[in-house]
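Since the structure comes first, as structure tokens, the remarks are kept for the end.
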There are 2 protein chains.
Amino acid sequence: MMTQISKHLKKTQKGEDRGCCGIPGIPDSRFLKAVSDSTRLRILAHLVEAQEPQIVSEIAKNFPIDVSVVSRHLAILRNEGILLAEKQGKEVYYSVRYEFLSSIFRGFASAIESCCPPKERK
Amino acid sequence: MMTQISKHLKKTQKGEDRGCCGIPGIPDSRFLKAVSDSTRLRILAHLVEAQEPQIVSEIAKNFPIDVSVVSRHLAILRNEGILLAEKQGKEVYYSVRYEFLSSIFRGFASAIESCCPPKERK
DNA sequence: ATAATAGTTGCATGATGACACAAATAAGCA
DNA sequence: TGCTTATTTGTGTCATCATGCAACTATTAT
């Protein structure tokens, strides 16, 4: 059974997962969760490889899941700024925000390195 | 035993979550899942800030969760090669594998950028 | 207006995962 | 030998989330 302690440390209020720590350059967990799902990662990789904006139904053809699920995944990536969505008639074109994505991860790498103790060079 | 470095390449057999796509430089989802949990991210940030190896019970003092949970989180990060564990008597010292971590994220950034269409410069 | 197509959203379900607590392991000390 | 401390592991519970399917919205064509 859950104890009282865990109950109110649960902090299930919305958006609590944002902003993890004081170190600048470390992304929040929501952003990382967005790219850590294997299906979303494959969708992202597909869009990166495609080199051009693609519509939802076309993307979905490459995955053994329902279009609605793909749409949800795309929305998650879009909400984190990873993808850009542009509606054109009936279709919605999704594309990768390359510079944004790479800058986040490069910033993460730099944040880690900047704290790296000189002696730790293993 | 756990001072041996690469254990993180071990469970390649069962993990269909391993190796997401054909693009070199994109980490697999298990690695990203390891850093995408908010508690683990805070633990990692704590270790980065600490600038030196810390034992489990000391790390746990900074978080409102049970030591056992912290131990599990540390194991997950260790299994992904993010942390190094060194047993010294009763205690286990955990430290950040800075170069490994930053190289993964820098490689991710480069992988994204290398596929970036020239015109897409925002 | 009706129909058809593209995409999103509501809802139920099964899987995964974080957590607390207890028990087990391991190492040092009386 | 116990006894204490540090850490890991077993187990059950609760929350979150990926998924499928159905319903809904939006846009275009007949």
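Bear in mind that the values here come from a model prediction, so they are computed numbers and not experimental data. Chain letters run A, B, ... following the sequence lines, proteins first, then strands; residues in each count from 1.
- Considering CD1 of A:Ile26 and CG of B:Leu44, their distance stands at 6.0 Å, rounded to 0.5 Å.
- To the nearest 0.5 Å, the span separating CG on A:Leu74 from CD1 on A:Ile82 amounts to 11.0 Å.
- Per the geometry, CG belonging to A:Asp37 stands 17 Å off P belonging to C:dA15, to the nearest Å.
- OP1 or OP2 of C:dC19 sits under 4.0 Å from a side-chain N or O of B:Thr39.
- Between A:His46 and A:Phe63, the ring planes are perpendicular. Angles over 60° get that label, and only those under 30° would be called parallel.
- For the helix from C:dA1-D:dT30 to C:dA30-D:dT1, the end axes, each set by the C1' atoms of five terminal pairs, are bent relative to each other by 10° (nearest 10°).
- Between the NZ atom of A:Lys87 and the P atom of D:dT25 there is a distance of 13 Å, rounded to whole Å.
- Atoms NZ (A:Lys33) and P (D:dT16) sit 11 Å apart, rounded to a whole Å.
- Note: CZ (B:Arg40) to C1' (C:dT16) measures 12 Å, nearest angstrom.
- For the pair B:Val70 and B:Asp66, the minimum side-chain heavy-atom distance is 4.5 Å or more.
- Rounded to whole Å, the distance from CD on B:Gln54 to P on D:dA6 is 14 Å.
- Note on ring orientation: taking the six-membered ring where Trp is involved, the planes of A:Phe31 and A:Phe100 are perpendicular (angle over 60°, cut-offs 30° and 60°).
- Separating the CD atom of B:Gln88 from the C1' atom of C:dA26 is a distance of 15 Å, rounded to the nearest angstrom.
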Pairwise N/O distances under 3.5 Å, protein to nucleotides 4-9 of chain C:
residue: C:dG7; atom: OP1; partner: A:Val56; partner atom: N; Å: 3.1
residue: C:dG7; atom: OP1; partner: A:Val92; partner atom: N; Å: 3.3
residue: C:dG7; atom: OP2; partner: A:Ser57; partner atom: N; Å: 2.8
residue: C:dG7; atom: OP2; partner: A:Ser57; partner atom: OG; Å: 2.9
residue: C:dT8; atom: OP1; partner: A:Tyr94; partner atom: OH; Å: 2.8
residue: C:dT8; atom: OP2; partner: A:Ser71; partner atom: OG; Å: 2.4
residue: C:dT8; atom: O5'; partner: A:Ser71; partner atom: OG; Å: 3.2

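- OP1 or OP2 of D:dT19 sits under 4.0 Å from a side-chain N or O of A:His73.
- For B:Glu86 and D:dT8, the CD to P distance is 13 Å, given to the nearest whole Å.
- Looking only at side-chain heavy atoms (C-beta outward), B:Phe108 and B:Leu32 come within less than 4.5 Å of each other.
- Through direct or indirect side-chain contacts shorter than 4.5 Å among Ile, Leu, Val, Met, Phe, Trp and Tyr, A:Ile55 is connected to A:Tyr93.
- As rounded to whole Å, 16 Å separates atom C1' of C:dG14 from atom CD1 of A:Ile65.
- With respect to the salt-bridge test (charged N to carboxylate O, under 4.0 angstrom), the residues B:Glu113 and A:Arg106 qualify.
- Distance check: B:Arg40 CZ to B:Ile43 CD1 gives 8.5 Å after rounding to the nearest 0.5 Å.
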